[in-house]
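Below is one structure, written out as structure tokens; the observations come after it.
Along the sequence shown, residues carry numbers from 1. What you are looking at is a predicted structure, and each value in this text was computed from that prediction instead of being measured.
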Amino acid sequence: MTDSTQSPPGVARRSTRELSKAAVSGWLGTAMEFMDFQLYSLAAAIVFNKIFFPDVSPAIGLIAAMATYGVGYVARLIGAVYFGRMGDRIGRKKVLFLTITIMGASTTLIGVLPPYQTIGIAAPILLVVLRLIQGFGAGAEIAGATVMLVEYAPVKRRGLVASLVSLGTNSGTLAASGLWAVLLAVLTEEQVVAWGWRLPFLLSFVLLLFGVWMRANLRESPVFEERQDAEEAAEAESAIETGLKQRKGRSFLVALGLRFGQAGNSGLVQTFLVGYVASTLMIERSVPTNAVVYGSVLGFATVPLVGMLGDRFGRRPVYLALSLLTAVLAVPMMATIATGNTIALTAAMILGLNIGVLGLFSVESVTMAELFGSRTRFTQLAVAKEIGGTLATAIGPVMAAGLTAWTQHWWPIAAMLIAYSSITFLATWLAPETRGRDLVRTEDAL
């Protein structure tokens, strides 16, 4: 394995003001993505069955509403491929302008959809169409924001700057949850169903305007601009020589492993454990839900701290330590949760969330971007994130539900956390150290 830190960065610098604008833009876009999806998922679980599927039983209506939520993930992969290739061809800025516009516009339009009682079957059809468009735009948003920030950042601060994208996930999730909490607290159920559910979607229009303005005034990535010269120089190399220098696909497979493990942990800790604690351990649902909220708040400290550690010690040591620690803590964490003690349970979930999910997500942002060459960085990063994330979050909760029902025990959850973390550990072990890599280079790191 080669240490790519020996490659000196050759990238044009950006001013502190321009870097700040890029950081806010990246954070805002990711926050919008996760807020939009969280707004939709909560609405699907709470009211969409009554608004768009009223002519079926409540159970079937809920299934139909959640199915419309799921179709967005199909569109995300298509968007990752389409916009990723576009971003590598015409620039990061133009694509990020398009993705935030598409996401924000589709979310806002959901808030003005007529209900089933007004336009009949056209209502759920339009809901699905908007959900598909929303997912199409979101498929490349977090990858594009990550690429832009990593390519903007000073080489010694890449981990810290790139971690701001990860903070957007916390911001968006907390904002959406907070909006719905306020609605449910101040409005009656009849008011929520009649018109209150529209407010969070309509309010997202304000963020859309701010995001569009930010990105319209953002300069292109310095790496993308400098890459034009690098590509012209690279044309002098023969195709055979270029092929010998790079073993195609290995960086992508490593990135897939990094993403798969982190996303798998996320699906178990942030999604499955909430339902498991409430339905199997018979503890009030607010306890695990609050634990996720508290853990997300603590994440505002954890994420940048991990980013700084990656800048100080390298990506591999931090990745190896976090994934190993998650695997080691999996059994004690689940044993603590199974006691039913609300304080101990909350502490265990907060710890698991910050180490095995948010911590890994922080170092993932910069590492995956540094693994790829500048010519295909946007595409490979977007596709790796979507494939790894979708597979892990789709398989994990369902498998965990089946195994815990079969065994009547918590050990399958611990085993899956160990398995996911081991995948990340193995991928990290096979990866080169990417800290300080010259991002203008067109070949992958591996």
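No donor-acceptor pair closer than 3.5 Å links the side chain of Thr434 to the backbone N or O of Arg437. The main-chain N or O of Ser251 is never found under 3.5 Å from a side-chain atom of Asp444 such that the two would form a donor-acceptor pair. Side-chain atoms of Thr107 come within 3.5 Å of backbone N or O of Met103 as a donor-acceptor pair. The backbone N or O of Thr336 lies less than 3.5 Å from a partner atom in the side chain of Thr339, making a donor-acceptor pair. Between the side chain of Thr367 and the backbone N or O of Glu364, no donor-acceptor pair lies under 3.5 Å. Using modelled atom types, no side-chain atom of Thr390 and backbone atom of Ile387 make a donor-acceptor pair closer than 3.5 Å. In this structure a side-chain-to-backbone donor-acceptor pair under 3.5 Å is present from Ser362 to Val303. Without hydrogens or angle criteria, Thr376 side chain to Phe372 main chain gives no donor-acceptor distance under 3.5 Å. Under the 3.5 Å distance criterion, the side-chain polar atoms of Arg76 are left unmatched by any main-chain donor or acceptor of Gly135. Under the 3.5 Å distance criterion, the side-chain polar atoms of Asn354 are matched with a main-chain donor or acceptor of Gly295.
Within a 6.0 Å sphere centred on CZ of Arg85, other residues, nucleotides and ligands contribute 12 heavy atoms or fewer. Other residues, nucleotides and ligands place more than 12 heavy atoms under 6.0 Å from the NZ atom of Lys21. Atom CH2 of Trp195 has more than 12 neighbouring heavy atoms from other residues, nucleotides or ligands inside a 6.0 Å radius.
Here the closest non-hydrogen pair linking Asp311 and Arg158 is OD1-N, 3.5 Å. Annotation for Leu358 and Gly299: closest pair CD1-CA, 3.7 Å, computed over non-hydrogen atoms. Summarising the geometry of Leu353 relative to Ser296, their closest heavy-atom pair is CD2-N, 3.7 Å, with the distance given to 0.1 Å. When all heavy atoms of Val193 and Ile51 are compared, the pair lying nearest together is O-CD1, 3.9 Å. The two residues Ala392 and Gly264 come nearest to each other via the heavy atoms CB-N, 3.5 Å. The two residues Ile418 and Ala327 have their closest heavy-atom pair at CG1-O, 3.6 Å.
Inter-residue side-chain proximity for Ser171 and Phe300 is flagged as met; some heavy-atom pair is nearer than 4.5 Å. Looking at Trp411 and Val331, their side chains never come closer than 4.5 Å, going by heavy atoms from C-beta outward. At least one side-chain heavy atom of Met349 sits less than 4.5 Å from a side-chain heavy atom of Pro288. Side chains of Phe83 and Ile102 form a contact here, defined as non-hydrogen atoms less than 4.5 Å apart. A heavy-atom distance below 4.5 Å is found between the side chains of Ser204 and Asp36. In this structure the side chain of Leu109 never reaches within 4.5 angstrom of the side chain of Leu126, judged on heavy atoms. Residues Pro154 and Leu19 are in side-chain contact: their nearest non-hydrogen atoms beyond the backbone lie under 4.5 Å apart. Between Thr326 and Tyr420, every side-chain heavy-atom pair lies at or beyond the 4.5 Å cut-off.
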Intermediate values then yes/no, side-chain contact (heavy atoms from CB on, under 4.5 Å), Glu33 and Thr169: CA-CA 8 Å; Glu33 174 189 346; Thr169 64; over 6 Å; no
Residue pair Lys93, Glu220: steps toward the salt bridge (Lys or Arg N to Asp or Glu O under 4.0 Å) verdict: CA-CA 5 Å; Lys93 172 186 172 178; Glu220 180 55 86; over 6 Å; no
Audit row: Ser365, Ser166, side chain to side chain donor-acceptor pair (under 3.5 Å) steps and yes/no: CA-CA 7 Å; Ser365 296; Ser166 305; 3.0 Å; yes
Intermediate values then yes/no, side-chain contact (heavy atoms from CB on, under 4.5 Å), Ser163 and Val366: CA-CA 7 Å; Ser163 73; Val366 66; over 6 Å; no
Stepwise side-chain contact (heavy atoms from CB on, under 4.5 Å) check, Val165 with Trp27: CA-CA 5 Å; Val165 173; Trp27 164 80; over 6 Å; no
Worked verdict on Trp410 versus Thr404 for side chain to side chain donor-acceptor pair (under 3.5 Å): CA-CA 6 Å; Trp410 51 261; Thr404 52; over 6 Å; no
Residue pair Phe136, Tyr82: steps toward the ring pair (Phe, Tyr, Trp, His ring centres under 6.0 Å) verdict: CA-CA 9 Å; Phe136 181 64; Tyr82 180 81; 5.6 Å; yes
Pair Thr424-Gln262, side chain to side chain donor-acceptor pair (under 3.5 Å): steps then yes or no: CA-CA 7 Å; Thr424 295; Gln262 184 275 336; over 6 Å; no
Chi angles and distances behind the side-chain contact (heavy atoms from CB on, under 4.5 Å) call for Val192, Trp180: CA-CA 10 Å; Val192 170; Trp180 269 104; 4.1 Å; yes
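The OG1 atom of Thr173 lies 10.5 Å from the CE atom of Met35; values are rounded to the nearest 0.5 Å. Here Leu130 contributes atom CG and Ile125 contributes atom CD1; the two are 12.0 Å apart, rounded to the nearest 0.5 Å. One finds the CG atom of Asn217 at 11.5 Å from the CD atom of Glu18 (value rounded to the nearest 0.5 Å). Atoms CD1 and CG, from Ile119 and Leu113 in turn, are 7.0 Å apart once rounded to the nearest 0.5 Å. To the nearest 0.5 angstrom, Leu351 atom CG is 12.5 Å from Thr346 atom OG1. To the nearest 0.5 angstrom, Leu322 atom CG is 5.0 Å from Leu360 atom CG.
Between Phe201 and Trp197, the angle of the ring planes goes over 60°, which puts this pair in the perpendicular group of the 30/60° scheme.
A salt bridge does not link Arg435 with Glu370: every distance from a Lys NZ or Arg NE/NH1/NH2 to an Asp or Glu carboxylate oxygen is 4.0 Å or more. We find that Arg215 and Glu141 are joined by a salt bridge, their nearest charged nitrogen and carboxylate oxygen being less than 4.0 Å apart. Between Arg377 and Glu151 there is a salt bridge, since at least one side-chain N of the basic residue sits less than 4.0 Å from a carboxylate O of the acidic one. A salt bridge links Lys50 with Glu189: at least one charged nitrogen is closer than 4.0 Å to a carboxylate oxygen. The pair Glu386-Arg259 does not count as a salt bridge, with every side-chain nitrogen at least 4.0 angstrom from each carboxylate oxygen.
Between Tyr294 and the choices Asn290, Val297, Leu298, Val292, the side-chain contact (heavy atoms from CB on, under 4.5 Å) rule is met once, by Asn290.
For the residue pair Gln380/Asp88, the side-chain donor-acceptor check at 3.5 Å is not satisfied.
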